[in-house]
Amino acid sequence: MAKSGARRGIFKPGFDGPRDETLGLPGRGQSVPDEGAIDALEARLHRAMLTLTTLSGDGPSAVRSGWPDHVIELADRIEREKDGDKPKRKFRPTGADVDDLLGALALLEGLRTEIYQLVRYKALDDFYLEDGASWTDLGDQFGRSDNWARETYRRAMLQAAKRTGIVFSAPEGYAVVAICTMVEGTLFTHLSISADPRQALYDMKARNPTDIVDSFAVWTNDRATAKVVLDQVKAHHLAQRKHGGWHYLNPFDAEFTILEKAEALGASVRQQYLAGEPLEAPVRQVVVDPVEEMLIAMEVEA
């Protein structure tokens, strides 16, 4: 049998192998995502939030009559336009929106309730308000700043992008763990690292007489990265340190600082909400000033 001197390819002439052409998204593992892919992902999540709001009867386009009491505040926010008129736009979910609802919301799995609500409020305000969502207004709903709202929303979109494979996600080995408890009206947060955050939470519950009000983990590449992040976070909040790993710190500030330090190192991170007692966002106002906390405690005792 004669041997050919030409090297043959494994594909037919003119075919270079399979390509990922779904919605124009870049291939998995690509570290720099295409701008159109992020926009498409955000639009998908926004339609999911609008669909959820409509089907559950929590908005002006609700499919059922009558609003529950707990959504009156949300309706007021939607109707708060400069001219005082009610929103004129109506959202009607399609069959494709309903079919994609659970899959789209699953991309936000692992995020705390407040972040989920932030994405929901952003979607509603962008759709119903003439000027779109305001970061200042969104931050106010959580008792936080406009920078917190902007950065927290960006990180939620980034985590969703990692789940879809648009953005590269490095293997995870170690996490920075924060466990928050409340003693006499004061929030204390314990900071540590662990390869098993849930076990760390169980161990804390076993030796801590007070209830855990919030707990989360920020996963990083490895133990060395987690340790560097932890050290930098402790140094940043040195003034709030009580003893050991405990700090006079609320979970919002702890989470924001951990993510900020991790991103500064260029580490690939993922947020995981572990346990706690999440409240509706407009009601949850975390007090930071210890003096104000003491005064509130005195008022309650009186």
Side-chain angles (χ1 to χ4, degrees), residues 22-25 28 33 36-64 67-68 70-71 73-75 77-78 89-129 132-133 138 141-142 148-167 169 172 197-198 214-219 251-252 255 259 269-284:
T22 306
L23 294 179
L25 302 182
R28 288 182 175 274
I38 295 294
D39 292 341
L41 173 63
E42 184 179 32
R44 179 188 179 189
L45 289 173
H46 279 206
R47 289 194 69 86
M49 291 299 181
L50 289 165
T51 300
L52 177 65
T53 300
T54 300
L55 296 180
S56 62
D58 292 352
S61 302
V63 295
R64 72 184 189 193
W67 288 359
H70 69 277
V71 302
E73 189 276 338
L74 176 60
R77 292 182 68 253
I78 295 175
R89 300 190 66 187
K90 299 294 182 182
F91 179 80
R92 290 290 184 263
T94 64
D97 290 328
V98 176
D99 290 341
D100 186 54
L101 178 60
L102 295 181
L105 295 181
L107 298 178
L108 299 176
E109 183 181 354
L111 299 177
R112 62 172 62 250
T113 300
E114 293 84 355
I115 299 179
Y116 171 88
Q117 289 183 347
L118 173 65
V119 177
R120 182 168 179 247
Y121 286 177
K122 178 70 161 59
L124 292 170
D125 286 359
D126 278 348
F127 185 83
Y128 287 113
L129 299 184
L138 290 173
Q141 297 303 312
F142 298 84
W148 176 89
R150 185 185 300 105
E151 287 299 296
T152 300
Y153 178 82
R154 178 185 64 81
R155 287 163 179 158
M157 292 297 106
L158 179 60
Q159 183 150 320
K162 289 180 179 179
R163 285 187 175 275
T164 62
I166 298 174
V167 176
S169 180
E172 300 164 348
R198 292 198 178 278
D214 195 282
S215 179
F216 65 89
V218 175
W219 285 92
F252 281 97
E255 186 175 55
L259 291 168
V269 296
R270 176 177 65 88
Q271 298 163 258
Q272 181 187 11
Y273 186 69
L274 298 175
E277 302 174 359
L279 304 175
E280 288 295 318
V283 196
R284 183 170 188 166

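Numbers for residues simply follow the sequence, beginning at 1.
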Would you call F142 and T152 a side-chain contact if the rule is heavy atoms closer than 4.5 Å? no
Polar side-chain atom of Q159 near backbone of L108 as donor-acceptor pair, under 3.5 Å: no
Apply side chain to side chain contact (heavy atoms under 4.5 Å, CB included) to residues F216 and R112 and explain how you reach the verdict. CA-CA 8 Å; F216 65 89; R112 62 172 62 250; 3.3 Å; yes
Atom CD in E255, atom CG in D214: separation rounded to 0.5 Å? 7.5 Å
To the nearest 0.5 Å, tell me how far F127 CZ sits from R47 CZ. 7.5 Å
Criterion side chain to side chain contact (heavy atoms under 4.5 Å, CB included) on D97 and L101, from CA distance to verdict: CA-CA 6 Å; D97 290 328; L101 178 60; over 6 Å; no
Side-chain donor/acceptor of D126 to backbone N/O of G132, under 3.5 Å: no
Nearest heavy-atom neighbours spanning A160 and L41: C-CD2, 3.9 Å
Determine, stepwise, if the pair T54 / F91 fulfils side chain to side chain contact (heavy atoms under 4.5 Å, CB included). CA-CA 8 Å; T54 300; F91 179 80; 3.5 Å; yes
Heavy atoms, side chains only, cut-off 4.5 Å: are Y116 and L111 in contact? no
Where the side chain of D99 meets the backbone of A96, is there a donor-acceptor pair that is under 3.5 Å apart? no
Closest approach of A104 and L45, non-hydrogen atoms and distance? O-CD2, 3.2 Å
Roughly how far, to the nearest 0.5 Å, is NE2 of H46 from OG1 of T51? 12.5 Å
Partners passing ring-ring contact (aromatic ring centres under 6.0 Å, His included) against Y153 (at least two apart in sequence or in another chain): W135
Find the distance between CZ (R120) and CD (E114) and round it off to the nearest 0.5 Å. 13.5 Å
In Å, rounded to the nearest 0.5 Å, how long is the span from CG of L52 to CG of L105? 6.0 Å
Would you indicate whether the side-chain heavy atoms of E151 and R155 approach each other to under 4.5 Å? yes
On a heavy-atom basis, the closest approach of A106 and R163 is O-CD, 3.8 Å
Might you point out which heavy atoms bring I115 and Q271 nearest each other, and give the distance in Å? CD1-NE2, 3.5 Å
Measuring only between side-chain heavy atoms, which start at C-beta, is Q272 closer than 4.5 Å to L274? yes
Does the K122 side chain pair with the main chain of A149, one donor and one acceptor, at a distance under 3.5 Å? no
Value rounded to 0.5 Å, distance of CZ in R154 from CD1 in I38: 11.0 Å
Is the side chain of R44 donor-acceptor paired with the backbone N or O of D100 at a distance under 3.5 Å, no angle test? no
